[in-house]
There are 2 protein chains.
Amino acid sequence: MLLSKTSEYGIRAMLHLAGIGGDEYVPVKKISQTLNISFHFLTKIFQQLARAGLISSYRGPNGGVRLEIDASKITVKAVVVALDGPDLFTQCVLGLPGCTEDRPCPLHSHWITSRKEIETMLGQKTLAEIGSDLRSGGYRLTAGAEWTDA
Amino acid sequence: MLLSKTSEYGIRAMLHLAGIGGDEYVPVKKISQTLNISFHFLTKIFQQLARAGLISSYRGPNGGVRLEIDASKITVKAVVVALDGPDLFTQCVLGLPGCTEDRPCPLHSHWITSRKEIETMLGQKTLAEIGSDLRSGGYRLTAGAEWTDA
DNA sequence: CGTATTTCCGATAAAATTGTCTTAAAACTG
DNA sequence: CAGTTTTAAGACAATTTTATCGGAAATACG
């Protein structure tokens, strides 16, 4: 698998927030129910995202989480790096440390190409764009049959 | 991480066999020492590869494992599929079941592109090619400082 | 102030992955 | 046949990932 469950959930939740738009705090409980993700697990994911500065949180009634910086400045890659770390974008496909042009594994040059492709894709796609896509309909963020979970 | 440790080890071991060339049985113990991989763990990996028909094994003195079909007919993708299953080449990047053109996640079309790129890369690269690369030198399959582990 | 809401945080548990150990079975050697 | 080498296979342990639980702290509201 490319991404951990943590990243999968984190991305879905962030895209959901982007789809909602606005700057109001949304309770994690509500998000977890909408996306069908374990509440406590999602809570911890948002704590990581908060430490990374991507969201802010607020306690008490009317509290919850919201995007901290502008959605047009948050990429999917930033979410992955905040949750899974940068390894996906830096590491050797065979797990060899220090796999470089100088001391490459046999797949090095080929993997670099694919890796860059992934990095570019995730690094270009902003939450703003995807939020807009979600609001225009036709996309889903859950396993269910529902249409558009903005 | 893209691949499991099982696949990382399995690929390294298969590339190593391809680099050696010939049709003699190579003891797993020797391979595990050369590549610095746990012997028992590697043994199980080879058992999976044997069940998948990619290698054959032989017990007793002068026994070991060897490629079962021609190295030019084994791709790195085949090794990954034998060990990790086909999920990497079929699944949604967000883990949503049944993510298709009809009911796509917001990253669907973009991920398809990257996924195909990876699949093509791993599906084109045969053990024969890489074995030849290894024998020509300049590549490594271990963490150490050694040069070319053919 | 008291209560309800909601995040924060630590403890714990379940599951999957990774790694180790032990014994059995097969095959060669002398 | 006895002894050695080597894979096969199952049990077991360690680690990491994923998931659950319970209470503490902050905030709002009446």
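This structure is a prediction, so every number in the text was calculated from the model and none was measured. Per chain, numbering begins at 1; letters A, B, ... match sequence-line order.
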Between C1' on dT27(D) and CD on Glu24(A), what's the gap in Å once rounded to a whole number? 17 Å
Which of these nucleotides, dT7(D), dC9(C), dT20(D), is closest to any side-chain atom of Phe41(A)? dT20(D)
Any side-chain N or O of Ser4(B) less than 4.0 Å from the OP1 or OP2 oxygen of dT17(C)? no
Is it the case that over 12 heavy atoms from other parts of the model lie below 6.0 angstrom from the CG atom of Asp87(B)? yes
Using a 4.0 Å heavy-atom cut-off to protein, can you give one letter per nucleotide of nucleotides 23-30 of chain C, 5' to 3': B if the base is in contact, S if only the sugar-phosphate is, - if neither? --BSBBS-
Distance check needed: dT16(D) C1' versus Lys5(A) NZ, whole Å only. 16 Å
Distance check needed: dA16(C) P versus Met1(A) CE, whole Å only. 15 Å
Rounded interatomic separation in angstrom, taking CZ from Phe39(A) and P from dT5(C): 13 Å
When you measure only distances, ignoring hydrogens and angles, does the side chain of Lys44(B) come within 3.5 Å of the base of dT20(C) through a donor and an acceptor? yes
Figure out the NZ/P separation between Lys29(B) and dT5(D), and round it to whole Å. 11 Å
Going by atom types only, do Asp102(B) and Thr100(B) share a side-chain donor-acceptor pair under 3.5 Å? no
Check the side chains of Ser7(A) and Asp84(A) for a donor-acceptor pair under 3.5 angstrom, ignoring hydrogens and angles. yes
Ile74(A)-Leu35(A) co-clustered via ILVMFWY side chain contacts under 4.5 Å: yes
Please determine if a side-chain N or O atom of Ser57(B) lies less than 4.0 Å away from the OP1 or OP2 oxygen of dA8(D). yes
Atom CG of Asn36(A) to atom P of dA19(D): distance rounded to whole Å? 11 Å
Look at Tyr9(A) and dA19(D) and indicate whether a side-chain polar atom (N or O) is within less than 4.0 Å of OP1 or OP2. yes
Keeping the roles fixed (side chain from Arg66(B), backbone from Glu24(B)), state whether a donor-acceptor pair exists under 3.5 Å. no
Taken to the nearest whole Å, CG/Asp84(B) to P/dA16(C) is 15 Å
Taking the basic N atoms (NZ, or NE/NH1/NH2) and the acidic carboxylate oxygens, is any pair closer than 4.0 Å for Glu119(A) and Lys77(A)? yes
In whole Å, what is the span from the NZ atom of Lys30(B) to the P atom of dT7(D)? 12 Å
Is Thr6(B) close enough to dT18(C) that one of its side-chain N or O atoms is under 4.0 Å from OP1 or OP2 there? yes
If you measure from the Lys or Arg side-chain nitrogens to the Asp or Glu carboxylate oxygens, is any gap between Glu129(A) and Lys125(A) under 4.0 Å? yes
